Amino acid sequence: MSIPLKNDRLIRALLCQPVDVTPVWMMRQAGRYLPEYRKTREKAGNFMTLCQTPELACEVTLQPIERFELDAAILFSDILTIPDAMGLGLYFSEGEGPQFERPIRTSSDIQNLPIPDPHEALRYVVDAVQLVHQSLNGKVPLIGFSGSPWTLATYMVEGSSTKNFAKVKGLMFEQPALMHQLLSKLAQSVTTYLNAQIQAGAQTVMIFDTWGGVLTSRDYLDFSLGYMQQIVNNLTREYEGQKIPVILFTKDGSAWLIEQAGTGCDALGLDWKLPIGIARQQVGDKVALQGNMDPCILYASPERIEQEVATILKSFDAGNGHVFNLGHGIHPSIDPEKVGVFIDAVHALSQPYHEPN
């Protein structure tokens with residue numbers, strides 16, 4: 001049974017409903033910039049153990065909520081849990097990022113991929129969601145998430161991080177039908193995974209399309225957005241009488257905001273490349289907008305941080321449908337004190353934009 005929310009600003013803003021102040025959370029808010037996270041990570045021994053131990057994943061998910069006046073918690077996990085559950089053997093090397101023991105190399109590799117049952121191969125994620133939901137006790141909503149099919153496929157075909165996307169684009173251009181087969185399996189997997197998170201207690205879900213921005217417009221619509229559309233169409237949008245908002249975020253995806261808004265999602269995440277006011281002009285009131293401060297502003301003085309918050313609030317202007325966030329994940333070397341300045345500034349400076357006329 002879901003627990004009623006004491007602070008529902010995030011949900012209301014994502015659904016373009018009135019709020020008292022602009023809600024704020026940060027991508028990667030549970031992470032290495034926090035000393036308490038580093039202690040828990042050390043206790044876990046390695047990143048995969050941290051992700052796959054529900055009690056530890058819950059502990060680090062709650063750490064930023066205990067420290068700051070955030071309006072949401074986001075599940076601590078990794079975007080590559082699905083490929084790992086498909087049997088590709090995810091591991092992390094120090095300083096090298098994620099890698100797979102068995103990357104996709106042949107058509108039979110794709111044909112043999114299972115669609116993981118989230119209650120079996122990804123049980124540790126479902127258990128972590130339940131644990132966080134209970135531990136939050138309605139304080140703020142919990143955001144569940146997944147990588148997008150295109151982003152997951154990128155890592156699965158490349159076998160690791162990449163700068164030129166040669167293998168995955170080579171497959172896409174040379175054997176498009178095979179790539180569509182892979183993406184179709186991933187779209188089904190992401191849908192069942194996110195729906196399992198919703199049933200376990202996630203009150204909104206977000207799809208991270210980290211690498212959609214490396215594609216041409218034609219290929220983005222065909223190989224990335226088309227599959228996010230399939231997921232949006234098949235997600236649980238209401239659970240136990242509560243609406244479940246869906247957020248799409250394509251890094252470097254500002255060229256396709258109108259098409260993204262047309263998927264039927266509730267909100268779009270924005271990077272910092274386009275002023276949020278211009279994005280709002282493009283999509284109107286069709287979707288809420290989440291963003292979009294450059295994370296590097298958090299290296300600046302408190303006064304400069306407050307100035308940037310004020311600039312972004314003014315750009316969006318009065319009205320409903322703004323969730324304040326960074327344009328990408330917070331950097332590990334940011335001072336937590338600066339984060340507190342940022343969050344407090346959003347709440348204090350946004351109040352006039354939400355006063356009734």
Side-chain angles (χ1 to χ4, degrees), residues 78-90 98 100-118 121-122 145-196 205-236 246-253 255-265 268-269:
D78 191 80
I79 64 166
L80 298 178
T81 49
I82 287 175
D84 186 45
M86 287 176 153
L88 271 60
L90 176 65
F100 286 112
E101 293 169 8
R102 295 171 289 280
I104 298 291
R105 289 291 174 263
T106 65
S107 61
S108 62
D109 287 344
I110 293 172
Q111 282 149 18
N112 292 332
L113 284 173
I115 292 169
D117 181 342
L122 291 160
F145 74 91
S146 173
S148 72
W150 168 256
T151 291
L152 299 181
T154 295
Y155 286 103
M156 291 165 74
V157 175
E158 296 289 341
S160 63
S161 301
T162 179
K163 288 190 173 151
N164 58 19
F165 303 89
K167 293 186 181 76
V168 72
K169 284 191 174 185
L171 178 63
M172 178 184 75
F173 289 132
E174 189 63 28
Q175 296 180 277
L178 203 55
M179 177 57 84
H180 281 302
Q181 191 180 348
L182 173 57
L183 292 167
S184 179
K185 280 195 171 186
L186 285 167
Q188 291 175 63
S189 301
V190 170
T191 303
T192 58
Y193 181 53
L194 289 177
N195 281 339
V205 291
M206 182 163 169
I207 301 170
F208 284 87
D209 186 31
T210 311
W211 299 122
V214 306
L215 295 167
T216 66
S217 279
R218 174 199 63 220
D219 295 325
Y220 173 75
L221 299 175
D222 200 12
F223 291 95
S224 182
L225 190 62
Y227 289 95
M228 289 196 282
Q229 171 81 73
Q230 285 184 25
I231 296 164
V232 171
N233 290 349
N234 292 291
L235 282 176
T236 302
V246 178
I247 310 162
L248 300 186
F249 173 61
T250 296
K251 184 186 170 194
D252 296 319
W256 309 294
L257 293 179
I258 293 168
E259 290 85 355
Q260 290 166 21
T263 60
C265 68
L268 299 179

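What you see is a predicted model, and the numbers here were worked out from it, not measured in a lab. Just so you know, these numbers use all the heavy atoms, side chains as well, and skip hydrogens, waters and symmetry mates. Residues take their numbers from the sequence shown, with the count starting at 1.
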- Met228 and Trp150: side chain to side chain contact (heavy atoms under 4.5 Å, CB included), yes or no, with the steps? CA-CA 9 Å; Met228 289 196 282; Trp150 168 256; over 6 Å; no
So the side-chain hydrogen bond (donor to acceptor under 3.5 Å, both in side chains) pairs with at least one residue in residues 156-170 (sequence neighbours excluded) are Thr162-Asn164
Return the minimal non-hydrogen interatomic distance between [X] and [Y], and the atom names on each side.
X: Asp109; Y: Leu113; answer: O-CG, 3.3 Å
X: Thr263; Y: Gln229; answer: O-NE2, 2.8 Å
X: Pro149; Y: Leu186; answer: O-CD1, 3.5 Å
X: Ile82; Y: Pro116; answer: O-CG, 4.1 Å
X: Gln111; Y: Gln181; answer: CG-NE2, 3.2 Å

(message) Tell me whether the rings of Phe145 and Phe208 are parallel (<30°), tilted (30 to 60°) or perpendicular (>60°).
(response) perpendicular
Only counting residues at least two apart or in another chain, list the ones meeting side-chain hydrogen bond (donor to acceptor under 3.5 Å, both in side chains) with [X].
X: Asn234; result: none
X: Thr151; result: Ser148, Asp209
X: Thr210; result: none
X: Tyr220; result: Thr250, Gln260

- Task: Evaluate the criterion side chain to side chain contact (heavy atoms under 4.5 Å, CB included) for residue pair Tyr193 and Thr81; output intermediate values, then yes/no.
- Result: CA-CA 10 Å; Tyr193 181 53; Thr81 49; 2.9 Å; yes
Asp252 meets the salt bridge (charged side-chain N to carboxylate O under 4.0 Å, His left out) criterion, sequence neighbours left out, with Lys273
Report the distance from atom [atom1] of [X] to atom [atom2] of [Y], rounding to the nearest 0.5 Å.
X: Cys265; Y: Asn233; atom1: SG; atom2: CG; value: 11.0 Å
X: Leu90; Y: Asp78; atom1: CG; atom2: CG; value: 6.0 Å
X: Ile231; Y: Thr192; atom1: CD1; atom2: OG1; value: 10.0 Å
X: Ile247; Y: Ile207; atom1: CD1; atom2: CD1; value: 10.0 Å

message: As a quick check of understanding, evaluate side chain to side chain contact (heavy atoms under 4.5 Å, CB included) for Val157 and Leu182, giving each step before the final call.
response: CA-CA 10 Å; Val157 175; Leu182 173 57; 3.9 Å; yes
Original post:
Below 6.0 angstrom between ring centroids: does that apply to Tyr155 and Phe100?
Top reply: no
Notebook entry, point to check: Side chains of Val214 and Thr154: does their closest heavy-atom pair fall under 4.5 Å?
Noted result: no
Item to complete: Start with the C-alpha distance between Met156 and Leu88, add both sets of side-chain angles, then the distance that settles side chain to side chain contact (heavy atoms under 4.5 Å, CB included), and finish with yes or no.
Response: CA-CA 8 Å; Met156 291 165 74; Leu88 271 60; 3.6 Å; yes
